[in-house]
Each structure stands twice: as C-alpha cells, then as structure tokens.
Amino acid sequence: MTNGATLSTDQLYLKKETRAAVDDVQGMDKVAKMLGRSQSRISHYCSSNRDEFMPIDLVAELEQLTVGKPGHPRITRALARQAGFLLVPEGGQAGEGRSLGEHLADVVGEASEVMSAMKTALTGCALDRADRQRALQQARELQDAAAELVAALEAQGG
C-alpha cells in the first residue's frame, strides 16, 4: 500500500462513503475501538491518499453500527451503484413507521434539489465537473428516496 496513491473516481467514491459511515458512528477513534483496529488503520481506509480499503468483514460490522442513520448502508450502496444497481431494502424496511406522505415529501424534496443543481449547472451553458458531480449526487439521492417510496407502497400490499 502506498502513500499518495492515484485513485479512480469509483475508488474515491468508496473512500468518501467509508469516511461518511465512520462519521456516522462519531469518528475514527470510536470506530477503531468498536472494530478492534487502530485509529491509523481506520484513517487509511478513509484517506483519498492511500490505496487501502476496508475489508468486507469490517464493512459489514461498520454498517451494523450505522443502522438507522441517513444513507445506511453507505458502502454497500456505493458498491451497488458502481456495479450498476440500485439498492432497495427488502420488505419495506426502509423508513419503516413513516407515512406515505413523508416518503412522498422526500421524493419531491430530492427532485427539487436535482432540478436546482441542474439549473445552477446549466446557467453558464456548460456543465463543469463539480456541477456534474453535485447534480449526480442529488440524482442518486432522488433514486434512493424513490426506492424507499416504492418499498413503502409494496409493504402496504401494493
């Protein structure tokens, strides 16, 4: 494993989601203790300057610690996206206990954010990399919200 590694966009996305999952558990020190690893090892898994990635057994343990947090399971969702899939919870588990109106409000809110990001991005008639990444992230969040709405509808006998 090297310092100063050049990572692909997909690898950087995994690093970002790993860092977000660690932050969901209140940081590297706490995660290191809970997973039985050193803080520096957890830091390497999150660093965009290192080509070390969290082993899958630790990903599973970390994601168990983030159940109920927004975006859960972040790393699994990122891997699914990279493979061309949308991760949809089974049996309406996502947002269980939430009304259909709450799910619909999430979808409408996310759609609004996608449109706002696209409007901003296209104002100058050019879509630069940062604008494209922002719009893509908003579109992914819209997909997630729509998938949760579908799961909630199906859970009600849809």
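One hydrophobic cluster, built from ILVMFWY side chains closer than 4.5 Å, cannot hold both Leu142 and Val150; they sit in different ones. Hydrophobic clustering of Ile, Leu, Val, Met, Phe, Trp and Tyr side chains at less than 4.5 Å, counting indirect connections, keeps Leu136 apart from Val114.
With hydrogens and angles ignored, the 3.5 Å screen pairs a side-chain donor or acceptor of Glu102 with a backbone N or O of Ser99. Looking at Glu63, its side chain never comes within 3.5 Å of a backbone N or O of His72 through a donor-acceptor pair. With hydrogens and angles ignored, the 3.5 Å screen pairs no side-chain donor or acceptor of His44 with any backbone N or O of Arg50.
Rounded to the nearest 0.5 Å, atoms CE (Met54) and CD1 (Ile75) are 5.5 Å apart. Within the model, atoms CG of Asp29 and OG of Ser43 stand 10.0 Å from one another, a figure rounded to the nearest 0.5 Å. Rounding to the nearest 0.5 angstrom, the gap separating the CG atom in Leu62 from the CD1 atom in Ile42 is 7.5 Å. Taking CG of Leu12 as the reference point, atom NZ of Lys16 lies at 11.0 Å (rounded to 0.5 Å).
Among pairs with a residue in residues 106-117, those fulfilling side-chain hydrogen bond (donor to acceptor under 3.5 Å, both in side chains) read Arg98-Asp106, at least two apart in sequence or across chains.
Contact between Glu17 and Ala78 at its shortest, heavy atoms only, is CG-CB, 3.9 Å.
A salt bridge links Arg19 with Asp23; the closest basic N to acidic carboxylate O contact falls under 4.0 Å.
When side chains are defined from C-beta on, Leu79 does not count as touching Val59, because their heavy atoms never get closer than 4.5 Å. Side-chain contact between Cys46 and Lys15 is absent, with no heavy atoms from C-beta onward closer than 4.5 Å. Proximity of Met115 to Gln138: side-chain heavy atoms (C-beta onward) are nowhere separated by under 4.5 Å. In this structure, the side chains of Arg41 and Ser38 come closer than 4.5 Å at one or more pairs of heavy atoms. Counting only heavy atoms from C-beta outward, the side chains of Arg77 and Arg140 never approach each other to under 4.5 Å. Within the 4.5 Å cutoff, the side chain of Leu87 has heavy atoms near those of the Pro73 side chain.
Between the side chains of Arg81 and Tyr13, at least one donor N or O sits under 3.5 Å from an acceptor N or O.
Among residues two or more places apart in sequence or in another chain, the side chain to side chain contact (heavy atoms under 4.5 Å, CB included) test is passed with Gln11 by Leu7, Ser8, Phe53. The salt bridge (charged side-chain N to carboxylate O under 4.0 Å, His left out) search around Arg37 returns none, not counting sequence neighbours.
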Please determine whether side chain to side chain contact (heavy atoms under 4.5 Å, CB included) holds for the pair Leu58 and Tyr45, giving the CA-CA distance in whole Å, both sets of side-chain angles, and the decisive distance to 0.1 Å. CA-CA 11 Å; Leu58 294 182; Tyr45 297 151; 4.1 Å; yes

Is there a salt bridge (charged side-chain N to carboxylate O under 4.0 Å, His left out) between Lys30 and Asp24 once you walk through the steps? CA-CA 11 Å; Lys30 187 172 182 179; Asp24 286 345; over 6 Å; no

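Heavy atoms from other residues, nucleotides or ligands lying under 6.0 Å from CD of Gln82 number more than 12.
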